[in-house]
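Note that the structure is a prediction, hence the values are computed from the model and not measured. Letters A, B, ... are given to chains in the order of the sequence lines, protein chains preceding strands, and every chain is numbered from 1.
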4 protein chains.
Amino acid sequence: MGSKRERILHAAEALFAEKGFTAATVEEVARRAGIGKSTVYEYFGSKDEIFRQTLKAGLESYLDAMKGRLKQPCSVRDVLTAIATAHFNFVKEHTFTARLLADEYNDTPWARQWLLGLRERRIAMFSSLIRQGIAEGEFRLVDPRMAAEVLLGVLNALCAPLLNGKNDGKNKDAVTIERFHRGIAIFFEGILAK
Amino acid sequence: MGSKRERILHAAEALFAEKGFTAATVEEVARRAGIGKSTVYEYFGSKDEIFRQTLKAGLESYLDAMKGRLKQPCSVRDVLTAIATAHFNFVKEHTFTARLLADEYNDTPWARQWLLGLRERRIAMFSSLIRQGIAEGEFRLVDPRMAAEVLLGVLNALCAPLLNGKNDGKNKDAVTIERFHRGIAIFFEGILAK
Amino acid sequence: MGSKRERILHAAEALFAEKGFTAATVEEVARRAGIGKSTVYEYFGSKDEIFRQTLKAGLESYLDAMKGRLKQPCSVRDVLTAIATAHFNFVKEHTFTARLLADEYNDTPWARQWLLGLRERRIAMFSSLIRQGIAEGEFRLVDPRMAAEVLLGVLNALCAPLLNGKNDGKNKDAVTIERFHRGIAIFFEGILAK
Amino acid sequence: MGSKRERILHAAEALFAEKGFTAATVEEVARRAGIGKSTVYEYFGSKDEIFRQTLKAGLESYLDAMKGRLKQPCSVRDVLTAIATAHFNFVKEHTFTARLLADEYNDTPWARQWLLGLRERRIAMFSSLIRQGIAEGEFRLVDPRMAAEVLLGVLNALCAPLLNGKNDGKNKDAVTIERFHRGIAIFFEGILAK
DNA sequence: AATGAATGAGTATTCATTCAT
DNA sequence: AATGAATGAATACTCATTCAT
C-alpha cells in the first residue's frame, strides 16, 4: 500500500532512526519496502539522496503538525502550549521521524547542517512569540532567544523517554500529556511576569 | 606526547564525535594518532573496544568534573548551579567528549544503552537534590524526577551551540557563562517556592 | 561455460587441492573463475562455506563413482577389484578432488572430521565385503576391519603418484591400471583362503 | 628444559601438526615455547625456515629410529618387520612428527617436494630389501618397487588411527602392536614364495 | 641474547552502485 | 518500471617481520 516511493521512504525512515545513516544499508531498506534492491535506484539517485528526502519528508510532516497553531486569539502561553502539545503528539505518533529530527545526529556532517537549520527555525518561531509575550506584558523581561532555546530543551527532555527502544513500554506509558504539561509549566512559571 | 594509548583515545574521541561510530574508520584514527594502522590493535582488540574505552574515559572525566560539588553548606539552588556550571565548563573544554555523551547518539545500540545509563544517573542526582530543596521549603511542590528531566534539557539546550562545527566561532563566542546562568535562572524561577 | 556457481567450485577445488584451505585466497578463487571477488559472495556466504561445498561435491562425485559396483553376481574379490578400479579411475579423472579427499588433510579441524567420516564409510564398505568373503570361504580368517584398512592403504599408496604436481608427467604415465591391479593382487594373495 | 632452539622446534612441530603451516602463527609458536615472539627470529630467519628445520629434525629422528634395523643376519621378512615395528613405535611416540611426515601434506608446495623425497627414500629402502628377498627365494616374483609402495601404504593405513585427535583415546588403544603385525602379515602372505 | 613495540602487506567480507534484461 | 546479477572500493582485522633497547 502506498506508492513505491513512499514505501521506500517509510522503510528508510525507520531504519535510519534505528541504526543511523552509515550503519543502515540500502539492501535492508529495499527488503523492508518489499522491493528489489536496484528498484530503490529508480526512485532515488543514491543513499545520500534517500536520506535527504527522508529528512525532508520528516521536516515537512513536522512543520505541518505545527501549522495553524500560531495566530490564535489567546495568550502567548496558550499558543506556545498548543505548539508544544503538537510537538508532543508528533513525537508520540512519529517516533522514528522524531528521532531523525532530534537535535544531535552524530553522523553525516551535511545532515547536521540541515538539522541545525531546523533548530534555528524552531528557535526563531519560539523567540518571536516570546518577544510578543514580553511586549504584551505577559512574560517578564528575558532574552527571547535564550528563553526559546530553553523551551526547546525542555520539550526535548520531556519527550526523550519516547524515543528509546520499542520494548521499553513502561517508561513510555509514564510519559502522559499531563506530565508533559506540568513539565512545561515549570518553564512558564519561570518567565511569566511577576 | 602522551602514551600511544592516550593518543589513540584522543584521536578516536574526536573522530567518533565528528562522524559517529560507523562512519569513523580505524585507519583514520591511526593516521590522526600518527601511528600505523595495526598498532592500534596492539592497544585495543577491536573498533568496538576503542569506542567502549573512549566512552568510559569520557564518562569518568565527566563524573570527575562533577565531584565535590555536591555536599556544600548552601542552598540547593547553589549546589545545582555549581553542578550546572561544572557541566558548562566540561562541555567547553571537552567539546568532543561532550558530544559523545550527548543524550542522543544514533548509532550502535549497545552504546545507546550505556549513554541512557549515564542519563539516568544524572537525573537521579538532580532529582535527589530537588527533592531535598522541596523538603527544605526552597522549591515549590513539583514532581522531582520531572523537574530533573527539565533541568537536564535546559542544560543541554544551553550548551548545544558549543557542540557544533569547529568553524562556527561566532555562535560559540556568544555562549558565555553569564548567558548560561541567565538561562538556568528561568528554570529556578519556575520551581522556587512562592 | 557452466554456471557461475560451478565455475567457483571448480576453481576452488583446484586451489584448495594445490595450497590447502588456509593458504588459498578467495581473491584467487575469483580470478580463476574469471569473476569479481565479491561475486563469490553472491553464491557462498564465506570461505568456509565454499570449502564445505567443495568437499560435499567431491564426496558426492566420489560416491557416485562407486555406485552400482556392489551387488554383482560374482566373487567378492571381483567386487572389490571393481571398486578399487573405480577408485583408480576417479583419482585419475578428478585428481584435485581426490587430493581433497585424501585421508590426511592437515588444516581446518572440522574438515578433518568430515574426511574421517568418509574414511569410516569406505572401511565399513570394505570390511562388510571381506566378512562376506570369509563367510563364503573365499578369504581366510582375518580381522575384516583390519584387512579393510590394509586394502584402503594399498589403494592410496598405489594412487599416490597420481596426486602430485601437474608437471610430473613421467611418474604419472608409469601408473597404469595394470600396475594398479598387480598391486592389489598382492593384497588378495595375502587374504585368499589356502 | 632444552635449549631455546629445541623448545621452538618442539612447539612448532606440535603446532604445524595441529593446524598446518599456513594456519599456524609464529606468535603461538613463541607462546608455546615460552619465549618472546621476536626471539624466534634469533634462531630462525623466517617462518619458512622454522618449518624446514622442523621437517628436517623430524626426518632425522625418523631415520635414526630406522637405523641398525637393516643388515641383520636373518630373513628379509624379519628385517622388514623390524623396520615396520620401528615405524609403528615412532608413530606412537612422535605422533606430531609422524603427522608432519605423513604422505599427504596439503600446504606449501616446497614442503611437498621435501616429503616426496622422503617417500622415495623409504620406497628405495623397501624395494631394495624386497629385491633381495626375491633373489634369495624368500618372496615370489613381484615388481619390487610396486611391492614397496604397497608396503608403505599398509604401514600408513595401520598407523592412521594413531594420528587423529588427542581425545580419541578409544580408537588409539585398539591399535596394538599385535594388530599391527597381523596387518602386515597380510602383505607378507601376499608376496611370500609359494 | 632477548624482547616489546611497531607496522606494511595482505585477507575475508560488506555494500553502494551499475547494467543487462 | 522492475530487478537479479555483478563488482570495485572500502574496512576491520591478522601476521610475519623489523628495530630499538
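A donor-acceptor distance shorter than 3.5 angstrom exists from the side chain of C/K47 to the backbone of C/A24, with no hydrogens or angles considered. Formation of a donor-acceptor pair under 3.5 Å by the C/E6 side chain with backbone atoms of C/S3 is found in this model. Under the 3.5 Å distance criterion, the side-chain polar atoms of B/K37 are left unmatched by any main-chain donor or acceptor of B/R31.
Rounding to the nearest 0.5 angstrom, the gap separating the CZ atom in D/R52 from the CG atom in D/L59 is 14.5 Å. Rounded to the nearest 0.5 angstrom, A/T97 OG1 and A/Y62 OH are separated by 12.0 Å. B/L118 contributes atom CG, which lies 10.5 Å from atom CH2 of B/W114 (distance to the nearest 0.5 angstrom).
Mapping A/A24 and C/A24 onto DNA chain E via the closest heavy atom, the residue that lands nearer the 5' end is C/A24. Between A/Y43 and D/G45, the residue anchored closer to the 5' end of DNA chain F is A/Y43, taking for each the nucleotide with the nearest heavy atom.
Rounded to whole angstrom, the span from the NZ atom of D/K47 across to the C1' atom of F/dT14 amounts to 11 Å. Straight-line distance from the CD atom of C/E27 to the P atom of F/dA10: 15 Å, rounded to whole Å. Rounded to whole angstrom, the span from the CD1 atom of D/I50 across to the C1' atom of F/dC15 amounts to 13 Å.
Using a 4.0 Å heavy-atom criterion, one finds that D/F44 contacts no nucleic acid atom at all. A/A30 comes within contact range of no nucleotide atom at all, as no heavy-atom separation falls under 4.0 Å.
Looking at B/R119 and B/L115, their side chains never come closer than 4.5 Å, going by heavy atoms from C-beta outward.
Applying the side-chain contact (heavy atoms from CB on, under 4.5 Å) criterion to B/H10, with sequence neighbours excluded, gives no partner residue. Every residue was checked against the ring-ring contact (aromatic ring centres under 6.0 Å, His included) condition with A/Y43, not counting sequence neighbours, and none meets it. For C/Y41, the ring-ring contact (aromatic ring centres under 6.0 Å, His included) test picks out no residue, with sequence neighbours left out.
Near DNA chain F, defined here as any heavy-atom distance below 4.0 Å, the residues from residues 35-42 of chain C are C/I35, C/G36, C/K37, C/S38, C/T39, C/E42, listed numerically.
A/A12 approaches A/T54 most closely through the heavy-atom pair CB-OG1, 3.8 Å.
Taken together, the paired segments of DNA chain F that extend over three or more consecutive Watson-Crick or G-U pairs, each closer than 3.5 Å at both contacts, are E:2-21 with F:2-21.
Of all nucleotides in DNA chain E having an atom under 4.0 Å from a heavy atom of chain C, the first and last in 5' to 3' order are E/dT11 to E/dC15.
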